[in-house]
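Just so you know, these numbers use all the heavy atoms, side chains as well, and skip hydrogens, waters and symmetry mates.
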Amino acid sequence: MSFATIADTSVLVGDGFALRNVRPAPGGIALKGEYQLVRLRRGLVVHSSDAVDLHDMTTVVEQRPGLTIHLFLSGCIEATIGGKSLHLGRIPGSPVRGVVTARAQPDEFQRHARKGDHIRKVNVTLSTDWLHEGAFGSSEDSQAVRRFAESHLARFEWTASPGLVSLAEQMLHPPPYSASMRNLYLESRALDIVAEAFSALTQNSAAERHATLRPFDLRRLRTLEEYLDAHLCDLPPLQEIARTGGVSVSTLRRLFHAAHGTGVFEYVRRRGLERARFALEREGSSVSEAAYIAGYTSPANFATAFKRQFGVKPTEVRRH
């Protein structure tokens, strides 16, 4: 058991946070229990707490642009961001819900703590730099995450898996490692939390896009996608592609914009690059071979397109 002072619980400087003001009740001790605030690397911060508030207290923080993943195992907090209510917590007996909140610009976060509240939570905060530099998932997944991050005060919720709840418990009470080993332990679990949150977010985004299409249109879209995947390197004219799915060229364009948010040729380009990345990572292909798989005759042009798509060079992916 440990005690945290007002200053201890307010050191949210670094990636994602900047302390502005704390208004506590008299007394220097703010929390009783276990808490951590760790900057794991540039743009990745973990804040966890299994502690009881010892005072009524209001904390005011300026949160910088980025995403925060909230996992409340027990307890609830009263908070606002940008003057908007932010309900976070878990009702006893209910499933653990993960919550992702987005900040496209700096905004003021206020938390009103009440004496006796016992909060068990893990927060993982990602800066906008981390999001732009990270190479996660397919291009569609990356774009879905970034679109969400650019929607100020956007919120997404999902039911946390049992594995995710276990990760949060491990982060609340890590083994007694040295500081460097503890950070590695926390980072591995933080990234697993990010992976589940992004997977849930992108699946929801895809479901919303596909929900705009009728079942008949979805069947035609699947036929067209299978045809394009088989002809990535020798793409026929749009008219021939449309005939394959029994649609007009205008309908073809409408289906791909509704399902993928992009045109046919952009879809083909992305699919080619995704196949090339798989060949580099899993099959040990050379960069020249990967360029051919993606439909590029020039390895240099392929490397440029690959870096633009995934944020890393083909040689870096292959070494990894």
Side-chain angles (χ1 to χ4, degrees), residues 1-40 44-64 66 68-99 101 103 106-125 155 160 164-177 179 182-183 185-186 189-190 193:
M1 187 71 66
S2 59
F3 293 85
T5 66
I6 299 299
D8 290 333
T9 60
S10 304
V11 185
L12 299 179
V13 295
D15 298 306
F17 302 92
L19 176 65
R20 290 187 57 186
N21 188 26
V22 179
R23 295 191 293 273
I29 303 299
L31 299 175
K32 177 183 179 181
E34 303 294 332
Y35 66 94
Q36 301 176 92
L37 181 66
V38 185
R39 177 185 177 183
L40 297 173
L44 177 61
V45 173
V46 165
H47 180 210
S48 65
S49 176
D50 183 354
V52 177
D53 290 304
L54 299 180
H55 298 286
D56 291 341
M57 180 175 68
T58 297
T59 306
V60 183
V61 177
E62 182 179 282
Q63 291 192 331
R64 296 171 184 161
T68 298
I69 302 164
H70 310 265
L71 290 169
F72 276 71
L73 304 184
S74 63
C76 300
I77 66 169
E78 298 177 12
T80 61
I81 182 167
K84 180 179 178 182
S85 293
L86 183 63
H87 300 291
L88 294 170
R90 181 191 182 192
I91 299 172
S94 65
V96 175
R97 300 281 290 173
V99 178
T101 56
R103 299 173 303 280
D107 217 328
E108 183 178 272
F109 174 88
Q110 289 194 24
R111 186 210 164 184
H112 308 289
R114 293 178 299 180
K115 181 179 179 179
D117 283 349
H118 184 187
I119 307 296
R120 302 180 70 245
K121 68 172 183 179
V122 172
N123 291 346
V124 179
T125 294
R155 177 187 176 112
L164 192 65
V165 175
S166 177
L167 288 170
E169 292 282 5
Q170 293 170 36
M171 294 178 75
L172 283 176
H173 303 286
Y177 292 139
R182 181 197 62 176
N183 286 1
Y185 180 90
L186 292 175
R189 283 144 183 81
I193 288 173

Considering residues at least two apart in sequence or located in another chain, which fulfil the side-chain hydrogen bond (donor to acceptor under 3.5 Å, both in side chains) criterion with Arg182?
none
Residues in side-chain hydrogen bond (donor to acceptor under 3.5 Å, both in side chains) with Asp53, at least two apart?
Arg111
Taking all non-hydrogen atoms of both residues into account, name the closest pair between [X] and [Y] and its distance.
X: Leu71; Y: Arg97; result: CD2-O, 4.3 Å
X: Gln170; Y: Arg189; result: OE1-NE, 2.6 Å
X: Val46; Y: Ala190; result: CG2-CB, 3.9 Å
X: Lys115; Y: Asp56; result: N-OD1, 2.8 Å
X: Cys76; Y: Ile119; result: O-CD1, 3.3 Å
X: Val122; Y: Ser48; result: CG2-CB, 4.0 Å

So Thr68 and Arg103, do their side chains get closer than 4.5 Å, heavy atoms only?
yes
Is there a side-chain contact between Gln63 and Thr125, using heavy atoms and a 4.5 Å cut-off?
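A side-chain contact is absent here, since even the closest heavy-atom pair is not under 4.5 Å.
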Separation between [atom1] of [X] and [atom2] of [Y], rounded to the nearest 0.5 Å:
X: Phe72; Y: Asn123; atom1: CZ; atom2: CG; result: 6.0 Å
X: Leu172; Y: Leu167; atom1: CG; atom2: CG; result: 11.0 Å
X: Ile77; Y: Lys121; atom1: CD1; atom2: NZ; result: 5.5 Å

side-chain contact (heavy atoms from CB on, under 4.5 Å) between Leu88 and Arg155: does it pass, once the steps are laid out?
CA-CA 11 Å; Leu88 294 170; Arg155 177 187 176 112; 4.2 Å; yes
Sub-3.5 Å donor-acceptor pair from the side chain of Arg90 to the main-chain atoms of Leu73, do we have one?
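Yes; at least one donor-acceptor contact below 3.5 Å.
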Has Asn183 got a side-chain atom pairing as donor or acceptor with Leu40's backbone, closer than 3.5 angstrom?
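Not at all, since once roles are kept as given, no pair shorter than 3.5 Å links the two residues.
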Going by the salt bridge (charged side-chain N to carboxylate O under 4.0 Å, His left out) test, which pairs reach into residues 74-88, not counting sequence neighbours?
Glu78-Arg114
Within the 3.5 Å criterion, strictly below it, is a donor on His70 or Thr101 matched to an acceptor on the partner's side chain?
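Side-chain D/A pair, His70 to Thr101: present.
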Do Thr80 and Gln110 pair up side chain to side chain, a donor and an acceptor below 3.5 Å, judged on atom types alone?
no
Carboxylate-amine/guanidinium proximity below 4.0 Å for Arg120 and Asp50:
yes
